[in-house]
Amino acid sequence: MDYDFRRIEKAWQNKWKDAEAYKVSNDSPKPSFYVLDMFPYPSGAGLHVGHPLGYIASDIYSRYKRLKGFNVLHPMGFDSFGLPAEQYALETGQHPAETTEKNIATFKDQLDKIGFCYDWSREVRTSDPSYYKWTQWIFLKLYNSYFCNTQQKARPIADLIEKYAVKGAMPKTGEMIPGRHFTADQWNAYTKTEQEEILMKRRLAFSAFGEVNWCEALGTVLANDEVVNGVSERGSHPVIKKKMRQWYLRITQYADRLLQGLDTVDFSDSMKEMQRNWIGKSEGAEMEFSIGDYSEKIKVYTTRPDTIFGVDFLVLAPEHVLVSQITSAEQQHAIDEYLNYVKTRSDRERMAEVKQVTGCFTGAYAKHPFTGKPIPVWIAEYVLAGYGTGAIMGVPCGDQRDFAFAKHFNIPITNIIGDAYTGEEANSTKEATLQNSDFLNGLLMKDAIAIAISKTEELGIGKRKVNYRMRDAGFSRQRYWGEPFPIVWEDGVAIALNENDLPLVLPHAEKYGPGPEGEGPLANITEWVDLTPNPSPKERELREHSEDQKEYGYITSTADEWKNTLAFAKQNRHHQTEAEEILWELVRNRNISGYKFRRQHPISGFIPDFVCLEQKLIIEVGGDYHNKKEQELFDVAREKWLNEFGFEIIKFTNQEVAEDINKVERTISQKLEDMQKKYSAQSPLLRRGGRGEVSSARRETSTMPGYAGSSWYFLRYMDPKNDQTFCDRKASDYWGQVDVYVGGTEHAVGHLLYSRMWTKVLFDLGLIGFEEPFKKLVNQGMIQGSSRFVYRLNWKFKDVSGAMINPENLPTIFLSAGYLNSKSKDVQKLLREEISKIVNDIDFDIDALSDSYYYDPIHADVSMVDGLELNLDEFRKWRKGEFETAIFICENGEIKAPFSFDGPGDSVKEGKFICGSEVEKMSKSKYNTVNPDVLVEKYGADTFRMYEMFLGPVEQSKPWDTKGIEGVHRFLKKLWRLFYDDVKGKVWSDEKASDAEFKILHKTIKKIEQDTESFSYNTAVSAFMVCVNELTDIKCHKKEVLEQVLILLSPYAPHISEELWDALGNEGFVIDATYPTLEEKYLLEATKEYPVSINGKLRASINLPTEVNQHEAEQAVLANETIQKWLEGNPPKKFIFVKGRMINVVI
RNA sequence: GCCCCGGUGGUGAAACUGGUAGACACGCAGGACUUAAAAUCCUGUUUGCAGCAAUGCAAGUAACGGUUCAAUUCCGUUCCGGGGCACCA
C-alpha cells in the first residue's frame, strides 16, 4: 500500500469538515488560548508560497496547544477593503465587491488545501457591512471620546461637555488665553457651531485641515508612495501640497502609554525599537527669546538646554508665523526671494540634498534670555515647521548642522567647552565640561541639562517639554473602497450618525474616478451624499435662478421632473379638501410643539399632504380616491420608498379630522415626541433636537483607511456573529489578549501601533478588559522570489553612417546571461559578429556603446526555467507568443532561431540559454511567484507544510527554493513504511516496546515539545527525521511507539497522522488525542562518552559512568593512552571536569 | 548619518544560559537492486597535508585583536549584507 497523499488529504479534509472538527466554542472548561495570523488582503494574484509560512507556523502551534488540552481560537478572515481592488475597478469597471468576493473564494480554496485548522464559522471580512458596522461604531466611540489629561485615559466627550457647562475651561495657573480658556457662562453662550469647534479639538477622532498631495492633472489626492520626485507616479504630473479637510486619530495623546505598553509585551527587540523610533519621544526644554520691540516671543525647542550660553543664532522654519512680522525692511527682499525658493522645493528635494546649506537672515535680533546678548534670527529650510516649535537655537560648537550653518554664513562661533571643541567640527557629545556659561560653569554637560531647565523655569523664560516625532494619524482617504464615515456635515458642522443608523452602507458606485475638488469617488453619488432637505419655495426660487448650481432637491433627478412636480404641488394647494384645510389650520405656523409643517411639499416625485422636515414626519389625509385598488398599491410603494429615506407617515381619514381635531392634534404631537426621542441627540437631517433647519447637509465623502478594519478584527473573531455589540464583554474576557500573533514586520509601525491604540481606547471606555492586544508577537520572515531574467538586445544602435537603426523590422534577440557576464570588450565584438550572421544587410557600430546600454533585462516566468536554464519552447509560447520568432544567443555563442540561416550550423547544437537571477520581492509582475497549489498537488499538503518549516527559522527571510522539498517528501514516505511495507502490507505490531525504542520516542517528545514551544520548527522537522531514521534502523514497527509519534507529528503533518492513527485502529481524530508525556527515565544513561580536550583541543574520547565524580574521571583520563602520550610524563597543570559535558586537561 | 538584525561547507541550515563546530536535508560522487528508468537502499562529502587504509596532524564559524582552562557564542575595532528612521533641534 502506497502513501497516496492525494486520497488521504482529500478524505481527511472532508471528514474534519463534516465533523466540524475545528469549531471552537466560547464556553469551555478548558483554559483558553488564542493564536492569530495577520489576515491577508485578498489580492487577485492569489496565494503564493510566501503567505503560508506564517500560517503554517501558527497552525502548528494551535494544533499543538489543542493537544496540550487548551481550547484554542485560531481564526482566519480577510482584510478586504483596499486600494488594489479599487484600482482594478478603475481599469476594468468591475465592482470591487465582486472581485473581492471572487478573490476570497480563491484564497479560501487554496488555504483549505493546505489543511489549516481554521474555524471558518468565525471568518470576518472588513468589507462586509455586518463587520464594518462595528468599525463605524468604534469610530463613533473615538469621535465621542476625548483624552483626559488628568486621568491619562479616554473618557466620553459628554463628560467634557458637562464640565464645560459647569466649570468652563479655566487655566490651572496664569491668565486666561482667549480661544483656549473660557468660563462656564461663556461656554453656554456659545452657538452650537462654536461649541462643536472647541470639542473637535479634543475628540479622539477629529477633523482638521491637513496637507495632502494634490495632483491637478489627475484631479485626485495621492498617497505618499504614489508621488515620485514631486510628480505623480502615473503620468508624471506635477503634485502640490494642498490643504484639505481630513480626519485624524489623536494617537499622539497615547504616545506615552504606547511606549510604556511595550515593556509589557513579548515582541522582538527590533520591533519594539521600531515603534519607539516612530513615537520618537525626546525630552528637553522650550525656551523663549524676545525680539526687539515685539511682544511676541520666539519659542525654541531644544534637547540640550545645557548649551544655552553657546547660542550664536536662532533659525526659524520658513513657514514660521513670525517670519513676516520680524523681517527688517532691508532684508525683506532677500527673505521674499528665499521664501520663493523654498516653495519650489518638494520634500523629496529637501531630503535628497541633506548636506546643502541654505538660509537667509531676517534682519531681526533676539535677546539672549540670560546674557541679553543680541542674537541674529535666520530662516532656513533645514528647520521643519512641523517638529517642536518650528524654531531652534543654533549652537555651532555642539551641533554639526548648526556648525555647518555658522561656517557657511560666517557667523562667529562661541566656544563653551574649551578644548573639547576643535574648531574643525562640532562636539555633539554630552561629555564635555562647560565653560563660559555663567551658572553652569564647570559642570559636565549631561549634568547641566537638568540644572539649566530648572533655572529656566525659575526665571519664567522657558519650561520642561517632552516632544514626540509621531504625528496624529491621518484617518481619511479620498477613495471609494473603504468604510464610509458615519458623519454628516450640516452647515459645516460635523454631526455623527446615531448608533441605530449603522451600518452606513457603502453605496453602489458605477464609476470610481475622483470627485470634484479632490473629494473621493463617493462625492459623485449625489443622491447619497446630499441630504439637504427640500428647499423652501423662496430658497428654491433662488437656486433655480442660479445657472451653474442646479439643485432641485436631494432626491429629485431631473430639472423637468422637479418643475412638473412643483407645478402640480402648487395646483394641489389651491384645491384643498375640507379636511386638509382644517388640518392645515392646526399645524401651520409651528403650532404643534413648535415644529414647522409644510403642505403639498414635493419630496422628489411625491407630494405628501403635510410634512415636517425637521422630524421627517408625513401626515396624509385620506381622500375618497385612496380607496381605489391601484391607488392602494401606489400608496404602499410610496410608503416603502419614503421609509427608506427615513420618513415616517401617519394617516387620518377625513372623518377623523372632521370629528375630533383634538384627538388628531394629540396623535401628531405624541408622534413628534416619540420621533424626537427615537432619533434624539445627533442624528442628522433635522432629526436633531434643535428647532433650526439646515441649509446644507452632506455626507462625509472620504472613506476610512485600510487600517481601520484591521485595528480591531482580533476582537470580532471572539464573537463574530453578534449584532448587538462589536464583541460581547463575556467573550473578550474569556479569550483575553491574543496569546500569539504571527505576521510580517512590514506592519511594525502601522497596523500594530493603531491596533494597540484602539485597544487602549476600548479599554479606557470599559468595553474590554485588557489594554494590549497582543501578548506575544512572532515575526515571520519574508519569502522572497528568485527572479529570472533574459536580456533583450536593445536596437538603439547607430549604424556606421551614424543614423539610428530602426528596430521595427529587426528580430528580437535575447542574450544569455553568461554571454553578458564575460565583461570583456570582446563580448561586443562577438555580439556584433553574431548579429551580423542574423541580419546581413545592416552594418552597425556596436563598439561605441557602453555595455549597460545595449540590452534590457526582462523578467521571465520562473515556471519556464529549470534552475537557470530557460525552456525556449515554453518561452516562445509565453505571453500569447510575443517572442515566438525571437532569436536566442546561447551561453556558448550558439544561435537558436525558429528559422535556418547560415550560422555555425553543423556543429553539435547543445548551447544552453542561461538566465540571470536576482532575489526580489515575490510579486506577480516580476513573474517570480510560486503557487502553493502546484506543490500541494505534486507532493501533498503535509510535505508542503513541513518543507516550508524546514527551510529555516520562521523569522528569517529567505528566497524561495523548491529543490529541497524531495527530502521532506522522502521522510514522509519513510514514515509510511514504518506502517506499511511495499510487499508485506501492514507491518505494525502490538508487541511491547523495548527501552531502546522508548528512548528514541522520549528523546523525540522532549525535542519536539521544546522546539514547538519556541517556534523552532526547522529543527523540529529534523528531529522527526532523526526519529524515523532511527526507528527504521532498528526496525521498530510497534504500535505503542508509533502512535505516540503520530500525535507528535499531527500538528506538522495532520493528514498522514490522521490516516495512520485511524489505520492503527484508534477511535476519534488524532487532533483530539492527548499529547504524550515525557518520561525522563528512558533518557537516563548509565555511561557517557566524554570528550577529552588537551588545552581546549579535542584529543580523545572516553566512556565513563554517568555518576562519575571529578576524581574518578581524572584517574580514568590520566590512564588513557592518548592522553598519556600528550602529557609526555608530566602531571597536568589543571584538570577541568564539567559533569555530563566534557573534560579539559591543561598541560 | 543614526538605530536594529545578521555574516558558519557547494546550498538551506544546526549547535540549550561559553563546553565534541557543521545535526537534519539538498546537491554532488561512488555503489546495490533493475534489461532500463522510476522508486528504494548503502557509502563518502569543511579545507589542506600525510597514509593503501583505519587514521593522524594542521587550519577553520566575515577580518583583526582581547577575556577564558575553553569562544560561532562574551568584549573591542574594521569590512560586508538585510531592515527601519532620517536636516527631529
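Chain naming here is simple, since letters A, B, ... match the order of the sequence lines and numbering starts at 1 in each.
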| remark: To the nearest angstrom, the CD1-C1' distance between A/Ile965 and B/rC24 comes to 16 Å
| query | Nearest to the side chain of A/Thr302 - B/rA25, B/rA23, B/rA89? | reply | B/rA89
| message | Using a 3.5 Å limit for the pairing distances, which stems of at least 3 consecutive Watson-Crick or G-U wobble pairs does RNA chain B take part in? | response | B:1-7 with B:79-85, B:10-12 with B:24-26, B:27-32 with B:40-45, B:46-50 with B:55-59, B:62-66 with B:74-78
| field | Touch class at under 4.0 angstrom, heavy-atom based, for A/Ser270 against every strand present | value | sugar-phosphate
| Taking only residues two or more places apart in sequence, or in another chain, which ones meet A/Glu966 in a side-chain hydrogen bond (donor to acceptor under 3.5 Å, both in side chains)? | A/Tyr939
| query | Using the ring of each side chain (for Trp, its six-membered ring), is A/Tyr1052 parallel, tilted or perpendicular to A/Phe1024, with breaks at 30° and 60°? | reply | perpendicular
| field | Flag for A/Lys974-A/Asn1029: side-chain donor and acceptor within less than 3.5 Å | value | yes
| request: Could you tell me whether the phosphate oxygens of B/rA59, OP1 or OP2, come under 4.0 Å of any side-chain nitrogen or oxygen in A/Lys1097? | output: yes
| query | Just wondering, more than 12 heavy atoms not from A/Lys299 lying within 6.0 Å of its NZ? | reply | no
| said: Can you identify which nucleotide, out of B/rG84, B/rC69, B/rU20, has its nearest atom closest to the A/Met274 side chain? | reply: B/rG84
| request: Check the distance between B/rC85's C1' and A/Leu384's CG and give it to me in whole angstrom. | output: 14 Å
| task | Rounded to the nearest angstrom, tell me the gap between atom CG in A/Asn1103 and atom C1' in B/rU20. | result | 14 Å
| query | Got a salt bridge between A/Asp312 and A/Lys407, using NZ or NE/NH1/NH2 to carboxylate O under 4.0 Å? | reply | no
| Which residues pass the side-chain contact (heavy atoms from CB on, under 4.5 Å) test with A/Met1025, sequence neighbours left out? | A/Phe950, A/Val968, A/Phe971, A/Val1021
| said: Can you identify which nucleotide, out of B/rC85, B/rA58, B/rC88, has its nearest atom closest to the A/Trp278 side chain? | reply: B/rC85
| note | With sequence neighbours left out, the residues meeting ring-ring contact (aromatic ring centres under 6.0 Å, His included) with A/Trp378 are A/Phe361, A/Phe405, A/Phe409
| Where does the angle between the aromatic ring planes of A/Phe1135 and A/Phe1137 fall among parallel (under 30°), tilted (30 to 60°) and perpendicular (over 60°)? | parallel
| request: Could you check if the base of B/rG18 is syn or anti? Syn means the glycosidic torsion is within 90 degrees of 0. | output: anti
| request: Figure out the CD/P separation between A/Gln784 and B/rG83, and round it to whole Å. | output: 8 Å
| said: What contact category does A/Trp976 fall into here, base, sugar-phosphate, or nothing, at under 4.0 angstrom with non-hydrogen atoms? | reply: nothing
| field | Sugar-phosphate, base or nothing in reach of A/Arg471, heavy atoms under 4.0 Å | value | nothing
| query | Considering only B/rC57, B/rC87, B/rA25, which nucleotide approaches the side chain of A/Tyr382 most closely? | reply | B/rC87
| request: Scan A/Asp402 against the nucleic acid and name what it touches under 4.0 Å (heavy atoms): base, sugar-phosphate only, or nothing. | output: nothing
| remark: A/Ile1094 CD1 to B/rC57 P, in whole Å, measures 11 Å
| task | State, yes or no, whether a side-chain contact exists between A/Arg756 and A/Leu262 at a heavy-atom distance under 4.5 Å. | result | yes
| request: Check the distance between B/rC88's C1' and A/Tyr468's OH and give it to me in whole angstrom. | output: 15 Å
| said: Using 30° and 60° as the class boundaries, would you call the ring planes of A/Tyr3 and A/His969 parallel, tilted or perpendicular? | reply: tilted
| said: Distance check needed: B/rC57 C1' versus A/Leu1098 CG, whole Å only. | reply: 13 Å
| field | Contact letters for nucleotides 9-19 of chain B, in which S counts primed atoms plus P, OP1 and OP2 and B counts the base, heavy atoms under 4.0 Å | value | --SBSS-B--B
| message | Is it true that A/Asn1144 and A/Ser1093 share a donor-acceptor pair across their side chains at a distance under 3.5 Å? | response | no
| Would A/Asp256 and A/Lys281 pass as an ion pair if we require N to O under 4.0 Å? | yes
| task | Report the residue (A/Arg401 or A/Asp269) whose heavy-atom-nearest nucleotide on RNA chain B is the more 5′ of the two. | result | A/Asp269
| For A/Lys1133, which contact category applies under a 4.0 Å heavy-atom criterion: base, sugar-phosphate, or nothing? | nothing
| task | For A/Asn1120 and B/rU20, give me the distance from atom CG to atom C1', rounded to whole Å. | result | 15 Å
| field | Heavy atoms from other residues, nucleotides or ligands near CD of A/Glu1121 exceed 12 (cutoff 6.0 Å) | value | no
Give me, pair by pair, the N or O atoms of the protein and of nucleotides 40-43 of chain B that are less than 3.5 Å apart, along with how far apart they are.
{"from": "B/rU40", "atom 1": "OP1", "to": "A/Lys973", "atom 2": "NZ", "distance (Å)": "3.4"}
{"from": "B/rU40", "atom 1": "O3'", "to": "A/Arg977", "atom 2": "NH2", "distance (Å)": "3.0"}
{"from": "B/rC41", "atom 1": "OP1", "to": "A/Arg977", "atom 2": "NH2", "distance (Å)": "2.9"}

| request: Output yes when at least one side-chain N/O atom of A/Tyr387 is less than 4.0 Å from OP1 or OP2 of B/rA89, else no. | output: yes
| said: Counting only side-chain heavy atoms from C-beta out, which of B/rA25, B/rC3, B/rC88 sits nearest to A/Met1025? | reply: B/rA25
